[in-house]
Protein chains: 2
Amino acid sequence: MPIDQQQTIPSVWTRPRGRREQPALSREQIVAEAVQLLDSEGIDALSMRKLGTRLGAGATSLYRHVANKDELIELVVDEVYGELDEPDTDKPAHWRDATTLRAHNLRAMILKHPWIASVLGEVGVAYLGPNLMRLSDRMIATFEAAGFPLDESDHAVRTVFAYVTGMTTSEAAWLTMLARSGQTEQDWVERLWPAAEEAAQSYPRLQKGYADKRGKDPRTSRDENFVYGLERILDGLEVRLSKTA
Amino acid sequence: MPIDQQQTIPSVWTRPRGRREQPALSREQIVAEAVQLLDSEGIDALSMRKLGTRLGAGATSLYRHVANKDELIELVVDEVYGELDEPDTDKPAHWRDATTLRAHNLRAMILKHPWIASVLGEVGVAYLGPNLMRLSDRMIATFEAAGFPLDESDHAVRTVFAYVTGMTTSEAAWLTMLARSGQTEQDWVERLWPAAEEAAQSYPRLQKGYADKRGKDPRTSRDENFVYGLERILDGLEVRLSKTA
DNA sequence: TTCTTCTGAGTACAGTGTTCGCATGGCTTG
DNA sequence: CAAGCCATGCGAACACTGTACTCAGAAGAA
């Protein structure tokens, strides 16, 4: 019999079977599963216990790989920043096109993971996350190549970032609320209509704004709003660039 | 003896003494106290129980005036928007000055109540809060008076709003984290320095950016960054205005 | 072999938001 | 003035939460 494990334990039945055949827990695995859980069930559903059982592990086992929940969230945020793929070609695209592309990518990423909206305010800009650092570096490089000095490039990157996250966070919060109520965007606008009209009664400008938006598809309306602001910012940067050059 | 209350209860000792002399609980009172609690102890310290005891009431009593915690937070957010005082004179200031002033006011308000950063992502723009509606209306009016059509005015307001909230949310998160660690901003930068340098090793631009910021006062650095972005946005809007006019 | 070092997990604790039912008193009716 | 309704406060309870502590067992080193 080749099997001669140490038999120090009274009964075979009580002794747990050999180590878990699952390759074990890893930080990467935990973070990936957390993203999946967040995507499918939202921020409120993320608990250490639930995440643990999803991984076939106890809740407290996760703490071997992650200091606490806040740290897990930092990791998760940087993880999704990692989804933003950079154009790997170094052919110098015009700074404006490159920035526009990246802004749209960032927005799309946030809308794909709308739970980020809830945590960005606690994590801020995930300070030292490698993926975010890489992105920042590339964006600064773009502005420098366009002729901005280094410190201004940094400012410019932060400006675009602040705008995109600010605008999209608000969108994401809106969409999350919709998802929770199970309504479509169109439905909700119509339901909200009387209440909004009531509330806006003393503000004719808002009222008219609502009325104008009534017929339009809310999604394209959001899109237009986003590009409007982005274009203005890029215009402003362009003015600055032409004046310093 | 003028006192002849109904004596249906066996023992005087067991019967609770007359009603609470405190004028009772009101929604306004609850919201005000919540703001105070949030300001002094931060977002994590806001629990219904703690808020209740602060008001000399049981935790569950609050639910008579507020549907749930989320609703309380919506109220609290609109409450602090109400702190933004509008210039009540209707003398038409230049749109740019007026917007600059409001942007700085909004930033100051958020930095005064940094816990907002944590909830803005869940509340989004507190959709129908009266104070926020008033502010929006006034800002739209400013842009309309400057010559923007209504729908563009709406876009413009949202753009400025997104920028300010995006940028300031990030600042607030940073300051909150500092406060939790009990360090000053200067301290932290110096402590973080080796880690940041380590992390930024492969990104010379970031490294140089850190180095440049090393000597400067972080606070003025943040201020400068904020006004830089704001100026660019206003420049962009100005370009747009001159082209349509 | 023996010893150390690492990993998973069970238990427990102090808290959380919220529901339910009950008691109480003030206000509105008769 | 009396009776009843109803808004309000509140204690108990429930289903969860994050996480500290402790211990069992396996893997690797000596």
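Residue numbers start from 1 in every chain, and the chains themselves are labelled A, B, ... in the order their sequence lines are given, proteins ahead of strands.
Between B:His65 and the phosphate of D:dA7, there is no side-chain N or O to OP1/OP2 separation shorter than 4.0 Å.
Taking the salt bridge (charged side-chain N to carboxylate O under 4.0 Å, His left out) definition, one finds that B:Glu122 meets it with nothing, sequence neighbours left out. For the salt bridge (charged side-chain N to carboxylate O under 4.0 Å, His left out) test, residues two or more places apart in sequence or in another chain that qualify with B:Arg205 are A:Asp137. With sequence neighbours excluded, no residue forms a ring-ring contact (aromatic ring centres under 6.0 Å, His included) with B:Tyr63. In this view, A:Asp70 satisfies the side chain to side chain donor-acceptor pair (under 3.5 Å) rule with no residue, not counting sequence neighbours. With sequence neighbours excluded, the residues that form a ring-ring contact (aromatic ring centres under 6.0 Å, His included) with B:Phe226 are B:His104, B:Tyr163. A:His113 pairs by the ring-ring contact (aromatic ring centres under 6.0 Å, His included) definition with A:Trp115, not counting sequence neighbours. With sequence neighbours left out, B:Arg158 forms a side chain to side chain donor-acceptor pair (under 3.5 Å) with B:Asp154.
Spacing between atom CZ of A:Arg27 and atom P of C:dT7 amounts to 12 Å, rounded to whole angstrom units. For the pair A:Glu41 CD and D:dC16 P, the interatomic distance rounds to 13 Å; values are reported in whole Å.
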Extract from the structure each pairing of a protein N or O with an N or O of nucleotides 15-19 of chain C at less than 3.5 Å, listing the distance.
| residue | atom | partner | partner atom | Å |
| --- | --- | --- | --- | --- |
| C:dT16 | OP1 | B:Ser47 | OG | 3.1 |
| C:dG17 | OP1 | B:Lys69 | NZ | 2.8 |
| C:dG17 | OP2 | B:Met48 | N | 2.9 |
| C:dG17 | N7 | B:Arg49 | NH2 | 2.6 |
| C:dG17 | O6 | B:Arg49 | NH2 | 2.7 |
| C:dT18 | OP2 | B:Tyr63 | OH | 2.8 |
| C:dT18 | OP2 | B:Lys69 | N | 2.8 |
| C:dT18 | O5' | B:Tyr63 | OH | 3.4 |

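Look at B:Glu71 and B:Arg27 and you find a salt bridge, because one of the NZ, NE, NH1 or NH2 atoms lies within 4.0 Å of a carboxylate O, short of that distance.
Taking the screw axis at each terminus of the helix from C:dT1-D:dA30 to C:dT28-D:dA3 from five consecutive base pairs, the angle between the two is 10° to within rounding of 10 degrees.
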